[in-house]
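Take a look at the structure below.
By convention in this document, chain letters (A, B, ...) are assigned in the order of the sequence lines, proteins followed by strands, and residues within each chain are numbered from 1.
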Amino acid sequence: MQISSRLTSGKGKSIHQKFVDLNWFIVFVIILVAGLGFAMLYSVAGGSIDPWAKNQFIRFLIGLSLMIIVAIIDIRVWMFLAYPLYFAALGMLAIVDVMGEMGKGSQRWLDLGFMNLQPSEFMKIALVMALARYFHCLSDEETLQLKSLVKPIILIILPVVFVLRQPDLGTTILIVMGGIALLFAAGVRMWLFVLSIVALIPAAVGAWQFLKPYQKNRVLTFLDPEKDPLGAGYHIIQSKIALGSGGVYGKGFIQGTQSQLNFLPEKHTDFIFTVIAEELGLMGGLTLLGLYFILLSYAMIVSISVKSQFGRLLILGMVVTFFLYMFINIAMVMGLVPVVGVPLPLVSYGGSAMLTLLVGFGFILSTAIHRETSIPRGGAFA
Amino acid sequence: MNPSDKNKLKSYTRRATLLSGGMLLLSSALVGRMYYLQVTSRSQYELLADRNRISMRLLAPKRGEILDRFGRPIATSTTDYRVNVIPEETKELQETLKTLGEYIPISDRDNQRITKAAAKQRSFLPISVANNLDWETFSNVNVNMPDLPGIQPDVGTSRYYPERELAAHLVGYVGSVSEEELTGDPLLELPEFKIGKNGIEKVLDDKLRGSAGNTKVEVNVLGRVIRELSRQDSIPGDVTSLTIDLEIQKFAANRVHDESAAIVVMNIHSGELLAVASTPSFDPNDFHNGISQKKWDGLRGDIRKPLINKAVSGQYSPGSTFKMMVALAGLEEGIITADDTKYCNSQYRIGNRIAHCWNKNGHGRINVVQALAQSCDVYFYDLALEVGIDKIHDMAARFGLGNRFDIGIMSEAKGINPNEEWKLGAQGVRWQGGDTANAGIGQGFVSTTPLQLVVMAARLVNGGKSVQPKIFLDDNEPKTVVPDIGINPAHLRTVLQGMDDVYNHPRGTAFPYRIRNKDYKLGGKTGTTQVRRISVAERQEGVRKNEEKEWIERDHALFVGYGPVENPKYAVSVLVEHGGGGSSVASPVARDVLEYILDKEKADTEIGSTV
């Protein structure tokens with residue numbers, strides 16, 4: 001079966017038409033968010049495009065191109081590729097795990113020579129696709145049946161095992177919560193979720209023992225940062241000071257004392273929201289939240305007009321993943337949740353997460369372009 | 001769309017709405033938290049942010065100078081060329097120090113100290129490598145800066161005593177603050193800060209120190225200074241002028257050279273001390289960075305006691321210089337007149353003891369003027385017993401003996417002006433006639449400092465005014481009338497005649513050492529005091545001459561002098577420890593010092609009048 005031939009077959013739109021239908025406003029908003037990121041990376045470097053802003057800009061251009069390519073490819077192709085991509089991602093996670101076992105210690109990426117690929121990032125997308133496809137193919141009755149949950153739970157647990165072994169708590173949380181949100185949206189019975197939450201409490205207690213000391217430390221520090229002001233609690237305290245002292249209008253671009261004088265840790269990656277809030281104030285923070293709101297509400301609104309369950313769930317999975325990134329990161333720098341290594345979407349310095357999120361948005365845009373495409377329950381090309 | 005898909009869409013829409021609601025709820029929690037941090041608690045966090053970034057640094061004030069009466073520096077602050085190293089900026093500390101070693105000698109001890117400091121303190125803080133570099137070495141380092149990464153040439157100030165040992169006992173010295181001296185004043189905790197440890201430096205430390213300034217700087221998380229936010233300059237310490245004339249001080253000190261001696265020169269009217277010399281001395285510059293153990297041991301072990309200011313702390317029997325007090329007491333009490341005579345056959349019986357006059361041949365029949373001029377001991381044994389110790393004590397007290405003047409330098413001794421009451425208190429033994437006879441020739445319990453002796457001389461020659469010695473020059477001080485001691489001027493004249501004759505009468509004890517070829521005369525009084533009683537065994541071996549004794553056993557030579565006799569202006573006291581005779585050793589020194597002052601003054605006024 002030639003995929004290329006499928007791209008142009010059937011009721012498919014022309015490439016040109018797809019470009020026209022692409023929501024350029026949303027692309028523009030994405031560029032705005034990333035642009036704010038470049039500005040902040042320029043600021044935290046003390047007013048220099050090196051070492052971060054320039055690199056980030058180049059990565060963004062690559063990611064943006066990838067996003068548009070993903071958006072234009074027919075949604076049926078993506079549905080068709082859902083399982084293969086999932087197993088490819090799982091295979092890569094296994095390879096990374098084996099390499100870690102072979103003495104290189106904790107490792108999260110594959111060195112492909114030209115770039116470092118993080119399979120766990122890849123998996124965030126692939127899992128959403130696989131689950132979306134799985135539920136697309138179920139009938140209403142099947143969706144409500146308990147036995148239908150076995151496969152998706154295995155789909156979720158397999159990568160979690162590998163990611164936990166890396167160990168990467170942040171990604172684990174994103175994968176599990178993204179998966180659960182998808183099950184919820186797919187229509188799994190409500191009482192199951194209530195039951196799970198009840199069951200989760202002893203599970204959490206049990207899981208506590210398996211956490212690495214530094215992970216336990218993070219949780220404990222979150223609960224009482226002042227207990228260890230120079231050690232693990234330092235980051236949170238300094239971050240709150242930076243945020244709080246920014247006030248409503250901020251200290252001004254490249255004027256944030258906490259960030260410019262290095263009191264703020266990881267200011268170009270996980271704590272970049274703090275820099276925004278310190279230098280641009282509450283207004284800057286709300287502006288960014290507003291842009292995120294535009295992006296996510298657009299996606300949610302599109303999702304209810306999509307004709308295929310696969311498309312709907314794909315959008316929802318991506319939205320939840322995006323939202324979790326944003327929420328965990330911002331809540332973390334404000335001391336609302338423990339410090340877990342989750343970047344601020346499209347703003348934090350770093351290529352992998354940006355790529356994931358842009359490709360994720362590519363799927364949202366693709367679904368939007370192909371919202372009228374209805375796909376039979378049997379499969380994309382059944 | 002098939003019905004199943006319709007159901008799915010309905011279900012999805014419901015669930016998606018729920019999820020969206022959940023996400024909105026969580027997002028509003030973020031907004032609420034942001035509002036709480038950035039609006040409600042803003043001022044609290046602003047304070048914390050400022051505490052993070054703003055650091056106050058003290059600026060050490062420049063220490064006030066100490067000058068002589070003509071503004072010549074005795075203690076000053078000089079530019080100190082230093083070289084520091086900042087470990088963080090070196091490629092490799094040891095390598096840099098090795099390269100630097102080509103320009104500045106770095107001892108193993110220095111190297112150890114630097115390595116230790118580098119391990120202890122934060123790596124961007126400078127560590128002192130060398131101080132007090134000469135300009136050539138310093139500029140050499142500066143020129144070669146490209147080869148010396150992390151090396152930081154620095155220009156600071158440090159205390160400097162240009163006259164070195166010349167006035168060391170007066171000014172004292174400064175040194176690093178010790179643990180016990182910390183008062184909580186943060187200035188004292190600056191690493192290079194020095195405070196007065198001795199002498200005027202210590203007494204006037206508060207005035208000389210000045211007040212610290214400060215600079216508010218912005219620092220980064222490592223504590224490195226990013227920029228200065230505000231600055232309040234330090235206020236330098238007060239300049240202190242002394243009454244000392246460095247030239248006279250220098251002349252006096254050089255005149256006694258290596259002798260263990262003290263010379264005090266005073267203006268008899270104003271009380272201003274023109275020279276307070278004590279030899280041998282020490283170099284206060286050595287104390288600045290902590291004196292080496294070897295030098296310290298050398299100073300401590302020297303039997304000539306270079307660390308003691310003999311002029312004010314040394315207490316000596318005044319010997320015959322005390323005889324003026326006995327004479328005046330006799331005259332004032334009406335026990336003798338200027339013309340009354342006593343007979344000296346060189347021996348004087350006190351109880352069952354025979355006391356001797358220094359002149360084995362005796363002085364024959366002499367009056368009080370002759371007794372002073374020839375320093376007859378028998379005359380004064382007898383007179384002292386007639387007058388009684390209490391009257392002598394009272395007279396000596398009026399002339400400042402046994403009195404601490406508190407002129408404002410350290411460890412001024414009180415001496416002993418004894419009387420019956422004193423002996424009973426101090427020794428628990430009753431006063432005896434022999435004690436009075438001994439006191440009559442300034443021996444026994446009487447003990448004075450060279451400063452007290454110069455005050456005594458000044459009060460004798462200024463017409464009986466109780467002038468107070470002073471070391472600090474104060475032009476603004478209102479001229480107060482110096483109170484009269486209340487001595488009959490005729491009696492004073494009698495005593496002064498005796499002092500005139502000491503130098504100028506052929507039978508005077510210092511006649512050979514009188515001033516010649518000048519249009520003025522000098523007066524004074526010799527004194528020679530036994531340091532150690534001659535033992536019976538030594539006497540049987542034959543009395544040895546002073547020169548044959550061990551230095552430490554030789555007599556002290558004293559002299560109090562003044563000049564010019566016709567119109568006195570200056571008084572001087574000279575003490576040469578173990579110097580021998582007051583006439584042969586001390587009186588020529590007094591003569592030369594007075595001559596120097598009077599000639600210098602004359603030259604100055606002549607220059608002044610021609611201008």
TODO: Mind running side-chain contact (heavy atoms from CB on, under 4.5 Å) on A:Lys307 and B:Leu9 for me, showing each step along the way?
DONE: CA-CA 8 Å; A:Lys307 291 223 168 109; B:Leu9 179 60; over 6 Å; no
Open item on the list: Is any side-chain heavy atom of A:Met300 closer than 4.5 Å to one of B:Thr17?
Closed with: no
Task: Flag if over 12 foreign heavy atoms under 6.0 Å of OH, A:Tyr249 - done: no
Task: Side chain, backbone, both or neither of A:Leu289 within contact of chain B (heavy atoms, under 4.5 Å) - done: side chain
TODO: Output, in order, the C-alpha distance, side-chain angles, deciding distance and verdict of side-chain contact (heavy atoms from CB on, under 4.5 Å) for A:Val248 and B:Gln38.
DONE: CA-CA 6 Å; A:Val248 177; B:Gln38 299 197 281; 6.0 Å; no
Task: Atom of B:Lys8, atom of A:Asp140 and distance for their closest heavy-atom approach - done: CG-OD1, 3.3 Å
- [ ] Could you check if a side-chain atom of A:Leu261 sits within less than 4.5 angstrom of a side-chain atom of B:Asn52, using non-hydrogen atoms only?
- [x] no
TODO: Look up atom CD1 in A:Ile304 and atom CZ in B:Arg14, then write down how far apart they are to the nearest 0.5 Å.
DONE: 13.5 Å
Open item on the list: Do B:Tyr45 and A:Leu243 have side chains that approach each other closer than 4.5 Å (heavy atoms only, starting at C-beta)?
Closed with: no
Open item on the list: Looking at every heavy atom in both B:Leu19 and A:Ala185, which two are closest together, and how far apart are they?
Closed with: CD1-CB, 4.1 Å
Task: Proximal component of A:Phe135, with respect to chain B [non-hydrogen, under 4.5 Å] - done: backbone
Task: Most chain A-contacting option - heavy-atom pairs closer than 4.5 Å, from B:Thr40, B:Leu37, B:Asp50 - done: B:Leu37
- [ ] Heavy-atom distances under 4.5 Å only: say whether B:Ile226 touches chain A with side chain, backbone, both or neither.
- [x] side chain
Task: Neighbour count above 12 (heavy atom, 6.0 Å) for A:Met177 CE - done: no
TODO: Can you establish whether the number of heavy atoms outside A:Phe253 located under 6.0 Å from its atom CZ is more than 12?
DONE: yes
Open item on the list: At a 4.5 Å cut-off on heavy atoms, which part of A:Phe273 comes close to chain B: side chain, backbone, both, or neither?
Closed with: side chain
- [ ] Could you tell me which portion of A:Met334 (side chain, backbone, both or neither) has an atom closer than 4.5 angstrom to a non-hydrogen atom of chain B?
- [x] both
Task: Closest heavy-atom pair and its distance - A:Gly187, B:Ser11 - done: CA-OG, 3.8 Å
Task: Interatomic distance, B:Met34 atom CE to A:Leu286 atom CG [nearest 0.5 angstrom] - done: 4.5 Å
Task: Gap between atom CZ of B:Arg53 and atom CG of A:Asn262 - 0.5 Å precision - done: 14.5 Å
Open item on the list: As an exercise, state the distance from CZ of B:Arg15 to CZ of A:Phe184, rounded to the nearest 0.5 Å.
Closed with: 5.0 Å
Open item on the list: Does any backbone or side-chain atom of B:Ser41 lie under 4.5 Å from a heavy atom of chain A? Answer side chain, backbone, both or neither.
Closed with: neither
Open item on the list: Quick check: closest heavy atoms across B:Tyr12 and A:Gln309, and the distance to 0.1 Å?
Closed with: CB-OE1, 4.3 Å
Open item on the list: Looking at every heavy atom in both A:Leu336 and B:Ala29, which two are closest together, and how far apart are they?
Closed with: CD1-O, 4.3 Å
- [ ] Hey, could you give me the CD/CG distance between A:Gln258 and B:Asn220, rounded to the nearest 0.5 Å?
- [x] 12.0 Å
Task: Residue pair A:Met190 / B:Leu18, side-chain heavy-atom distance below 4.5 Å - done: yes
TODO: Would you mind checking which part of B:Gln44 comes under 4.5 Å of any heavy atom in chain A, side chain (CB onward), backbone (N, CA, C, O), both or neither?
DONE: neither
Open item on the list: Need one label for A:Ser297: side chain, backbone, both or neither, based on atoms under 4.5 Å from any heavy atom in chain B.
Closed with: neither
- [ ] Rounded to the nearest 0.5 Å, what's the gap from OH on A:Tyr292 to OG on B:Ser27? Could you check?
- [x] 11.5 Å
TODO: Under 4.5 Å heavy-atom distance to chain A, tell me which part of B:Leu47 shows up: side chain, backbone, both or neither.
DONE: neither
